[in-house]
Amino acid sequence: MRILVAGATGAVGQRLVPMLLDDGHEVVAMTRTAAKADALRAAGALPVVADALDRDAVMGAVLGAEPEVIVHQMTALTGATDLKRFDRVFATTNRLRTEGTDHLLAAAEAAGARVVAQSYGSWNGIRQGGWIKTEGDPLDPGVASVQPNFDAILHLERAVGAAGGAVLRYGSLYG
């Protein structure tokens, strides 16, 4: 299968690309940093450089790649350590989860590709029932201090779901 991984050099993407390659998939690895293209190529992926916040760049990358599936792993959290300024740290990631998602979905529709996207469900799970939550459990809209993040995650989940894609919500053992 030909798979485009958007966010191929991020925390999840850099681990996902080798796994997909090992499973025999043809991987197009999208990154916004041209300096990372050689490492992706050396790993066996076909690199494509595009800023996910640039609709035309995403459209060109996806249409040129002709993927069957697009995996949305885009965040801007590399090196994020200052969680006292949560909104500032997550500002670009929130844009990737909204604008970037919309660009990927438009390109996926034009290319006839399906989309699988990551979401997040640790701190924001509804505070009812037990500790263990699934993708089917609702998010908690009452966490006001991180409302922009909640809104971005909700946008991603609803947009990808409405487009017929799949959303995988992940969390941490510490959430």
Side-chain angles (χ1 to χ4, degrees), residues 1-32 40 45-77 90-126 133-141 146-172 175:
M1 181 178 296
R2 189 169 178 94
I3 302 171
L4 183 141
V5 178
T9 57
V12 176
Q14 69 180 321
R15 289 164 178 81
L16 178 61
V17 168
M19 292 169 64
L20 292 170
L21 290 165
D22 287 347
D23 282 348
H25 297 289
E26 186 177 356
V27 177
V28 177
M30 189 172 110
T31 181
R32 69 180 162 85
L40 291 166
L46 174 64
V48 61
V49 178
D51 180 345
L53 298 176
D54 178 338
R55 186 182 191 286
D56 292 338
V58 172
M59 190 65 73
V62 170
L63 291 176
E66 299 179 336
E68 297 167 70
V69 173
I70 297 171
V71 180
H72 179 340
Q73 291 296 328
M74 300 182 304
T75 63
L77 298 174
F90 276 80
T92 302
T93 293
N94 291 340
R95 287 186 67 205
L96 290 167
R97 288 177 173 157
T98 55
E99 295 168 52
T101 295
D102 292 347
H103 299 331
L104 273 182
L105 290 173
E109 182 178 9
R114 300 274 319 246
V115 176
V116 177
Q118 69 161 303
S119 183
Y120 184 75
S122 183
W123 54 266
N124 53 359
I126 192 88
K133 304 296 182 195
T134 70
E135 289 86 354
D137 289 312
L139 298 175
D140 185 355
V146 291
Q147 191 65 44
N149 302 68
F150 176 81
D151 292 343
I153 287 169
L154 201 57
H155 175 88
L156 178 144
E157 291 187 1
R158 288 180 176 164
V160 172
V167 176
L168 307 172
R169 198 181 289 165
Y170 73 94
S172 75

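The first residue of the sequence shown is numbered 1, and numbering continues consecutively from there.
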- Task: Working to the nearest 0.5 Å, report the span between CD of Gln118 and CZ of Arg97.
- Result: 6.0 Å
- Item | Distance, nearest 0.5 Å, that separates CD1 of Ile153 from OG1 of Thr98 | 11.5 Å
- Task: Please name the pair of heavy atoms, one in Gly161 and one in Val167, separated by the smallest distance, quoted to 0.1 Å.
- Result: N-CG2, 4.5 Å
- Message: According to side chain to side chain contact (heavy atoms under 4.5 Å, CB included), who are the partners of Ala45, at least two apart in sequence or on a separate chain?
- Response: Val17, Leu21, Val27, Ala29
- Heavy-atom pair with the smallest gap, counting every atom of Ala113 and Pro67: CB-O, 3.4 Å
- Decide yes or no for Leu104 and Val115: does some side-chain heavy atom of the first lie under 4.5 Å from some side-chain heavy atom of the second? no
- Note on the structure: Applied to residues 56-77, the salt bridge (charged side-chain N to carboxylate O under 4.0 Å, His left out) test, sequence neighbours excluded, yields none
- Taking only residues two or more places apart in sequence, or in another chain, which ones meet Ala52 in a side chain to side chain contact (heavy atoms under 4.5 Å, CB included)? Met30, Val58, Met74, Leu96
- Item | Partner set under side chain to side chain contact (heavy atoms under 4.5 Å, CB included) for Ala110, not counting sequence neighbours | Met59, Leu63
- Could you state the interatomic distance from NE2 (His103) to CG (Asp54), rounded to the nearest 0.5 Å? 7.0 Å
- Asp102 side, atom CG; Leu156 side, atom CG - distance, nearest 0.5 Å: 9.5 Å
- Give the C-alpha distance, both sets of side-chain angles, the deciding distance and a yes or no for side chain to side chain contact (heavy atoms under 4.5 Å, CB included) between Leu105 and His72. CA-CA 10 Å; Leu105 290 173; His72 179 340; over 6 Å; no
- Roughly how far, to the nearest 0.5 Å, is the CG atom of Leu46 from the CG atom of Leu40? 9.5 Å
- Partners meeting side chain to side chain contact (heavy atoms under 4.5 Å, CB included) with Arg95 (sequence neighbours left out): Leu53, Glu99
- Message: Minimum heavy-atom separation for Ala117 and Val160, please, with both atom names.
- Response: CB-CG2, 3.9 Å
Below 3.5 Å, can you tabulate the donor-acceptor pairs from side chains in residues 1-12 to any protein atom, sequence neighbours excluded?
| from | atom 1 | to | atom 2 | distance (Å) |
| --- | --- | --- | --- | --- |
| Arg2 | NE | Ala65 | O | 2.3 |
| Arg2 | NH1 | Glu26 | OE1 | 3.3 |
| Arg2 | NH1 | Glu26 | OE2 | 2.1 |
| Arg2 | NH2 | Ala65 | O | 3.2 |
| Thr9 | OG1 | Thr31 | OG1 | 3.2 |

